[in-house]
There are 2 protein chains.
Amino acid sequence: MTSAARTTNIAERIYQQLKLDIFDFQLLPGDRFSESEIARRMSASRTPVREALYRLERDGYVQVHFRSGWQVRPFDFQYFEDLYDVRILLEAEAVRRLCEDKDREGRLAGLMTIWCCRPEQRSHDSSEVAFLDEEFHFGLLECGQNQEMAAIHRSVCERLRIIRRLDFTQKGRIEATYKEHSEILDDICHGRRDKVVNHLKKHIEISKNTVREITLHRIQEARKRYAEDKNMDMPPKVT
Amino acid sequence: MTSAARTTNIAERIYQQLKLDIFDFQLLPGDRFSESEIARRMSASRTPVREALYRLERDGYVQVHFRSGWQVRPFDFQYFEDLYDVRILLEAEAVRRLCEDKDREGRLAGLMTIWCCRPEQRSHDSSEVAFLDEEFHFGLLECGQNQEMAAIHRSVCERLRIIRRLDFTQKGRIEATYKEHSEILDDICHGRRDKVVNHLKKHIEISKNTVREITLHRIQEARKRYAEDKNMDMPPKVT
DNA sequence: GAATTCAACCTTGTATACAAGTTAGTAAGC
DNA sequence: GCTTACTAACTTGTATACAAGGTTGAATTC
């Protein structure tokens with residue numbers, strides 16, 4: 001299959017939409033739903049819905065109950081903490097390898113353009129910075145020349161996305177994020193291996209430490225908040 | 001779904017059989033096939049075949065060509081080397097953690113029963129030792145208390161299985177395997193962290209170094225060899 | 001009122017039919 | 001002989017129907 005064909009087919013559309021629904025808390029951890037319900041909502045038959053759901057199942061986002069519907073993976077503290085540990089391990093290895101790579105400055109050029117810019121060039125939109133933040137971490141792995149490690153890391157980080165999106169204090173950390181990222185990049189370029197590994201670990205452990213603070217209330221607040229954000233993105237009605 | 005229900009359904013049967021076909025080289029890297037062909041071969045409709053194939057696709061074993069059939073993932077040296085590096089990273093981390101775990105002897109008790117037995121209790125069946133060898137490595141991760149790391153490691157090792165099964169020199173290494181594994185376990189119990197990490201890396205790199213030696217001829221030899229093994233496993237006909 | 005039973009409804013698991021795109025073979029033209 | 005165009009066959013992508021098991025609500029019994 002050419003990637004163009006898959007990106008336009010119904011199953012792929014449903015897959016992406018369901019994932020987005022999970023990330024935007026329109027489907028909450030533990031929610032139950034049926035294939036038919038999704039099919040009605042997505043204006044399709046059950047067949048591509050099932051394809052999308054098998055993929056989401058394999059990715060760790062949903063579970064099927066035999067002849068009884070599907071369920072978003074219930075919230076599990078240990079699971080997310082385990083994922084954070086994997087993420088830390090992979091990113092630490094990536095920066096170790098980058099510190100020893102003669103071509104590291106070339107590899108990191110794209111990231112440095114974004115994160116080592118002058119203050120007046122920085123984005124002030126917290127959604128955009130959140131996106132760039134995530135891309136920063138993907139970028140460290142992608143510069144590291146092990147595509148499988150990068151793919152596993154991406155899968156881990158996507159599964160952790162709901163944790164990041166539940167942490168509303170991130171909005172106030174734009175400047176700190178730019179500062180930390182540019183310092184990490186600087187340390188890599190200067191080959192300060194142990195320093196940058198420790199720095200990165202501390203940077204990620206800030207997020208990891210928020211896992212245990214998550215409450216049901218915060219998850220329900222997030223549902224409202226992201227639903228409102230969605231409405232605000234809608235184009236004005238033309239009457 | 002209860003795991004009992006899934007283990008008896010048609011899609012699961014087909015998934016496992018196709019995986020086995022890949023591991024036994026009955027489906028070679030690069031082979032093309034269609035859903036209908038598999039459906040005929042497995043005496044089922046296309047529907048559960050599709051489910052099985054989506055899962056195998058997601059696991060990295062096959063690829064779909066838009067309206068043109070499916071293909072076993074072609075052989076790719078870099079891919080397997082990347083996987084080996086991920087595997088080494090994960091196992092090294094697991095033994096580091098075990099060396100610092102006060103309960104490590106209890107956790108490793110099962111592995112020690114198998115690998116630190118007296119020479120007359122050892123298995124001489126190379127297939128069984130290959131299986132136990134793989135389980136040894138899974139066991140290191142499963143003793144490590146990070147279930148996601150163990151799951152990722154298992155997925156990586158399964159994808160590497162065909163490399164291990166192409167290495168026919170493994171058959172002559174039964175004694176060395178028992179010795180190396182018991183030494184690794186001993187080093188862990190004594191908390192010799194750096195020694196065991198280096199030992200484990202060397203142990204795995206022996207396999208990694210066989211990737212670049214793989215030839216098409218060897219793959220085709222493997223097809224014959226594993227097909228013969230299959231025939232020898234068949235029960236005698238009752239006439 | 002609580003517990004049990006049963007049937008209807010709902011769901012997934014599977015089979016089958018139809019739609020849409022690709023590929024290979026054949027015929028025609030140069 | 002080579003190239004191009006066309007068509008039939010094949011394939012996946014999707015829709016729909018049927019089968020098999022689970023759940024829920026109502027009726028009955030204690």
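Computed from a prediction, not measured in an experiment: that's the story for all the values here. To find a chain, count down the sequence lines: A is the first, B the second, and so on, and within it residues start at 1.
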Rounded distance in Å - CZ (B:R46) to P (D:dT12): 6 Å
Using whole Å, report how far CD1 of B:I10 lies from P of C:dT12. 18 Å
Would you list the atom pairs, donor with acceptor, under 3.5 Å between side chains in residues 147-154 of chain B and any protein atom, with sequence neighbours excluded?
from: B:E148; atom 1: OE1; to: A:R159; atom 2: NH1; distance (Å): 3.0
from: B:H153; atom 1: NE2; to: B:E91; atom 2: OE2; distance (Å): 2.7
from: B:R154; atom 1: NH2; to: B:E142; atom 2: OE2; distance (Å): 2.9

Below 4.0 angstrom, which residues in residues 49-61 of chain A have at least one non-hydrogen atom near DNA chain D? none
Roughly, in whole Å, what's the span from CZ in B:F66 to C1' in C:dA19? 11 Å
Between B:Q17 and B:R41: side-chain donor-acceptor atoms closer than 3.5 Å: no
Assess B:R161 against B:F23: is NZ or CZ under 6.0 Å from the centre of the six-membered ring, and within 45 degrees of the ring's axis? yes
Regarding B:E35 and B:R50, does a basic nitrogen lie under 4.0 Å from an acidic carboxylate oxygen? yes
Centroid-centroid under 6.0 Å between B:F75 and B:F77 rings: yes
Show your reasoning for whether side chain to side chain donor-acceptor pair (under 3.5 Å) applies to B:Q63 and B:W70. CA-CA 6 Å; B:Q63 299 164 342; B:W70 292 73; over 6 Å; no
Compare the minimum distances between each of D:dG21, D:dG13, C:dT14 and the side chain of B:V64, then state the nucleotide with the smallest one. D:dG13
Can you name the atoms? Protein N/O to nucleotides 7-11 of chain C N/O, anything below 3.5 Å, with the distance.
from: C:dT11; atom 1: O3'; to: A:G69; atom 2: N; distance (Å): 3.2

Taking the side chain of B:T47 as its heavy atoms from C-beta onward, which of D:dA15, D:dG13, C:dT16 lies nearest to it? C:dT16
Cationic tip of B:R58 above A:Y54 ring, under 6.0 Å, 45° of axis: no
Without decimals, in angstroms, what is the distance between A:I14 CD1 and D:dT14 C1'? 10 Å
Is a salt bridge present between A:R223 and A:D24, judged by a nitrogen-to-oxygen distance below 4.0 Å? no
